[in-house]
Amino acid sequence: MSEATVTWALIPIKGSGEGKTRLADALSESEREALVDAMLRHVAAAAKGAGRIARTVLAGPSRHGLDADIPLIGDSGKGLNAALEGALAQIAGMDGRPDRLIVIAADLPRVTALDLDLLAEAPRRSVAIAPDRHGTGTNALSLPLPEAAGFRFCYGTDSAARHREEAERLGLTVETILSEGLEKDIDEPCDLVDAREVYTF
Ligand SMILES: Nc1nc2c(ncn2[C@@H]2O[C@H](COP(=O)(O)OP(=O)(O)OP(=O)(O)O)[C@@H](O)[C@H]2O)c(=O)[nH]1
Ligand SMILES: O=C(O)[C@H](O)COP(=O)(O)O
């Protein structure tokens, strides 16, 4: 029988009032902030509800009113990839570090605990990638530790393909996880229809 894997979730989030700028033409500033906070609460609740996730950690400049039982790792202010690299280094270096870390975008209003458990169940030497609805962006990444401690995050254009290459560079196999909850991030005004799960317009 294999040993049980300890999995943590890591949710990156921009500072209050800084997120979802591409929705500025569709929502007022206060509506945008309310949506960002509602989506973050939803994703954090899904992570807490996932049977295979032992702990949830936030990476960013502020906790957006989330419970104090979710630790906050600060952000260097140098963008998403730098923020995640810093958080990964900190987590991978901890005593009692997890065996797997799932990085989840905070803008997934339809994600479920079961979706996150699927990411947690990736085989030992495997990186699991959940692409966005276009198949090009990355909405979640499941990294084995310590094997992926040196993972270089490649958020930006074509990040799903670039994250696959990064996993291969580290000699790890790649699994693609497809589910409605993981695919539907909220980037553009046309995506807002999928946000009704957590926010009423
Ligand atoms: N800590 C941290 N999180 C970030 C940073 N940039 C993006 N994120 C988070 O990463 C996730 C994916 O980012 P995007 O989907 O591009 O969201 P966004 O940056 O709020 O959206 P736009 O402003 O419209 O580009 C969201 O949870 C963001 O809050 C950053 O510099 N630091
Ligand atoms: O690489 C990505 O997936 C983006 O940087 C973050 O995703 P977005 O398409 O949700 O902004």
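In listed order, ligands and their atoms are each counted from 1.
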Would you mind listing which atoms of ligand 2 come within a distance below 4.0 Å of any non-hydrogen atom of G137?
-> 3 (O)
Count the heavy atoms belonging to other residues, nucleotides or ligands that lie under 6.0 Å from CG of D69, then report whether that count exceeds 12.
-> yes
For the atom pair CG (L40) and NE2 (H64), what is the distance rounded to the nearest 0.5 Å?
-> 6.5 Å
What class does the angle between the rings of Y155 and F153 fall in, given that below 30° is parallel, 30 to 60° is tilted and above 60° is perpendicular?
-> parallel
Within a reach of under 6.0 Å around CZ of R164, are more than 12 heavy atoms found that belong to other residues, nucleotides or ligands?
-> yes
Measure the distance from atom 1 (O) of ligand 2 to every protein heavy atom, then report the residue, atom name and distance (to 0.1 Å) of the closest one.
-> S159 OG, 2.6 Å
Atom 4 (C) of ligand 2: closest protein heavy atom, distance to 0.1 Å, is G156 N, 3.9 Å
Near Y155 (heavy-atom distance under 4.0 Å), the atoms of ligand 2 are 1 (O), 2 (C), 3 (O), 5 (O)
Between the side chain of E147 and the main-chain N/O of R125, is any donor-acceptor distance below 3.5 Å?
-> no
Short N-O contact, R162 and E165, less than 4.0 angstrom | no
Between ligand 1 and the protein, tabulate every N or O atom pair separated by less than 3.5 Å, reporting distance only.
from, atom 1, to, atom 2, distance (Å)
ligand 1, 1 (N), I13, O, 3.2
ligand 1, 1 (N), A59, O, 2.9
ligand 1, 1 (N), D75, OD2, 2.8
ligand 1, 3 (N), I13, N, 3.4
ligand 1, 15 (O), K20, NZ, 3.0
ligand 1, 15 (O), D107, OD2, 3.1
ligand 1, 15 (O), D187, OD1, 3.3
ligand 1, 16 (O), R22, NH2, 3.2
ligand 1, 17 (O), K20, NZ, 3.0
ligand 1, 19 (O), K14, NZ, 2.7
ligand 1, 20 (O), K20, N, 2.8
ligand 1, 23 (O), K14, NZ, 3.0
ligand 1, 23 (O), K20, N, 3.4
ligand 1, 23 (O), T21, N, 2.8
ligand 1, 23 (O), T21, OG1, 2.6
ligand 1, 24 (O), T21, N, 3.1
ligand 1, 24 (O), T21, OG1, 3.4
ligand 1, 24 (O), R22, N, 2.9
ligand 1, 24 (O), R22, NE, 3.0
ligand 1, 25 (O), R22, NE, 3.2
ligand 1, 25 (O), R22, NH2, 3.1
ligand 1, 27 (O), P12, O, 2.9
ligand 1, 27 (O), A106, N, 3.0
ligand 1, 29 (O), K14, N, 3.0
ligand 1, 31 (O), L80, N, 3.2
ligand 1, 32 (N), D75, OD2, 2.6

Considering only heavy atoms, does R22 approach ligand 2 within less than 4.0 Å through its side chain, its backbone, both, or neither?
-> side chain
What residue and heavy atom of the protein are closest to atom 8 (P) of ligand 2, and at what distance?
-> D187 OD2, 3.4 Å
If you round to the nearest 0.5 Å, how far is CD1 of I102 from CG of L119?
-> 5.0 Å
Tell me: protein heavy atom nearest atom 3 (O) of ligand 2, and distance?
-> T138 N, 2.9 Å
For residues 11-19, please give each side-chain donor-acceptor pair under 3.5 Å, one per line with the distance, not counting sequence neighbours.
from, atom 1, to, atom 2, distance (Å)
E18, OE1, G15, N, 3.4

Determine, stepwise, if the pair D191 / K184 fulfils side chain to side chain contact (heavy atoms under 4.5 Å, CB included).
-> CA-CA 8 Å; D191 303 330; K184 296 202 161 164; over 6 Å; no
Sub-3.5 Å N/O-N/O distance, N139 and ligand 2 | no
Does R41 reach the main-chain N or O of L66 with its side chain, forming a donor-acceptor pair under 3.5 Å?
-> no
